[in-house]
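Each remark here refers to the structure printed beneath this line.
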Number of protein chains: 2
Amino acid sequence: MNGTAPMYKATQRPEAEAQLRTLERLETVCRARGRRVTRQRRAVLRALLAEGGALTAYELLERLRVEDGRSTPAGVYRALEFWMAAGAVHRLESTRSFILCEHPEAPHPGQLLICRECGQVVETEDKGVAAAAHRLGEQLGFVLDRHLVELTGVCGSCRARGRAAEPGRRPA
Amino acid sequence: MNGTAPMYKATQRPEAEAQLRTLERLETVCRARGRRVTRQRRAVLRALLAEGGALTAYELLERLRVEDGRSTPAGVYRALEFWMAAGAVHRLESTRSFILCEHPEAPHPGQLLICRECGQVVETEDKGVAAAAHRLGEQLGFVLDRHLVELTGVCGSCRARGRAAEPGRRPA
DNA sequence: GCGCTGATTGATACAATATATCATTTCGCG
DNA sequence: CGCGAAATGATATATTGTATCAATCAGCGC
């Protein structure tokens, strides 16, 4: 996982600091709404932040248990639900996992692009896709309030790497 | 979900006959590929056809058991997997249920519009959405091979009905 | 600081969804 | 018929997600 191997999945990400600020901002917003940001909730967010990618609820649970043996599935799901309501976490339906939101300020319908090789998830706010979806809904008489768009494939770096050698992968 | 609920969802649909022809066509295609269309698989398809909407795997199982008490979860999932591979059934990730494909000939990426009031699911092959998604993938260097687009909201008839009276609903 | 109140957690149990394994049966075919 | 691949049956188990309720905690007015 290091040395010559490309550190394509940074553990020390430059965005980390920015996301910590985001975290603080989220807390402020929550408190303003009378919601509390507690130890457990913070722990969930930190675990996702540290992972830098998607985790299933039970993977998350394992990590939380390292620090607090009393963590339970219910607790994890409650925290995840809390953050999803706040727009800070997304659920990836296609992999049944959860990931930190990269644009917690924008409450718009987003899209998720998932690399099946390395598990990388890219979140976008593409106007084109959103508009096309909205138009489609109108055509069919629907008033839409939830846009689930998950596009799966292979990312650029995995294709580049894949051409040469064979796998040493970790699909999410 | 229970026996006392009103049968508001038609069991005799005009499209049923056309879909039965589709079924035959599917069987032909499958056989040509060396896949078999068996009693159990046919039963799964017929149950979905009769329902006229989405069913979870276990709802499906209940129905199958009426005719064959030996049906098991594994069997149902195997049949569903088979038909999904053949493009005849879709899985709705957002509701963890399965539905008959309305355009089994087209292997294109489709979209599903889901009414949260009546559970109706409309399947489309919208060029606009598909193109926008494809373009987005290109921009980000992804080669996509799976497009999951599920748009949830309220359909026209439910909005019309909803204005007047109050609920008696059954979200899928 | 005290005590009220509602939010949150801990603990436990359980529901819902999905897959693994392996012996047996069925199907298509020569 | 009889072979081999495909499919099933039966069973067990893994994974994912909720319900319940008592105990605790955080904020708030006093």
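At least one side-chain nitrogen or oxygen of Gln40(B) sits closer than 4.0 Å to the OP1 or OP2 atom of dG9(D). For dG9(D), the OP1/OP2 oxygens have a side-chain nitrogen or oxygen of Arg70(B) closer than 4.0 Å. Regarding contacts with the backbone of dA16(C), every side-chain N or O of Thr56(B) stays at 4.0 angstrom or more from both OP1 and OP2. When the side-chain nitrogen and oxygen atoms of Arg91(B) are compared with OP1 and OP2 of dA18(C), one or more of them lie within a distance under 4.0 Å. Between Arg96(A) and dA18(C), a side-chain N or O to OP1/OP2 separation shorter than 4.0 Å is present. Taking only side-chain nitrogens and oxygens, Arg39(A) comes nearer than 4.0 Å to OP1 or OP2 of dG10(C). Using a 4.0 Å cut-off, some side-chain N or O of Thr38(B) falls inside it from OP1 or OP2 of dT8(D).
The two atoms that bring Arg159(B) and Gly141(A) nearest to each other are NH1-O, 2.9 Å, heavy atoms only. Contact between Leu148(A) and Ser94(B) at its shortest, heavy atoms only, is CD2-CB, 4.1 Å.
Protein atom CZ of Arg42(A) is 14 Å distant from nucleotide atom C1' of dC25(D), rounded to whole Å. Atom pair Phe82(A):CZ and dT18(D):P shows a separation of 17 Å (rounding to whole Å applied). In this structure, the CZ atom of Arg36(A) is 6 Å from the P atom of dG27(D), given to the nearest Å. Between the CD atom of Glu81(A) and the C1' atom of dT16(D) there is a distance of 14 Å, rounded to whole Å. dT9(C) atom P lies 14 Å from atom CG of Leu61(A), rounded to whole Å. Here the P atom of nucleotide dT8(C) and the CG atom of Leu80(A) are 15 Å apart, to the nearest Å. Atom CZ of Arg65(A) and atom P of dG10(C) are 11 Å apart (whole Å). Protein atom CD of Glu67(B) is 18 Å distant from nucleotide atom C1' of dT8(D), rounded to whole Å.
Val122(B) and Leu112(B) end up in different hydrophobic clusters when Ile, Leu, Val, Met, Phe, Trp and Tyr side chains are linked at under 4.5 Å. In this structure, Val121(B) is not a member of the same hydrophobic cluster as Leu151(B), with clusters built from ILVMFWY side-chain heavy atoms closer than 4.5 Å. Both Leu80(B) and Leu100(B) sit in one connected hydrophobic cluster of ILVMFWY residues. Membership requires side-chain heavy atoms under 4.5 Å apart, directly or through other members.
Residue-to-nucleotide proximity on DNA chain D shows that, of Gly69(B) and Ala74(A), the 5′-proximal contact is made by Gly69(B). Of the two residues near DNA chain C, Tyr58(A) and Gly75(A), the one whose nearest nucleotide lies more 5' is Gly75(A). Each of Asp68(A) and Phe98(B) was matched to the nucleotide of DNA chain C holding its nearest heavy atom; the match closer to the 5' end belongs to Asp68(A).
Other residues, nucleotides and ligands contribute only 12 or fewer heavy atoms inside 6.0 Å of the CD atom of Glu81(B).
Taking every side-chain heavy atom of Arg41(A) into account, dT9(C) is the closest of dT18(D), dT9(C), dT8(D).
Nucleic acid contact for Thr72(B): base, since at least one base atom lies under 4.0 Å from a heavy atom of the residue.
With hydrogens and angles ignored, no donor-acceptor pair under 3.5 angstrom links the side chain of Arg78(A) to the base of dG17(D).
Stacking of the aromatic ring of Tyr77(A) onto the base of dT18(D) is not found under the criterion of centres within 5.5 Å and planes under 30°.
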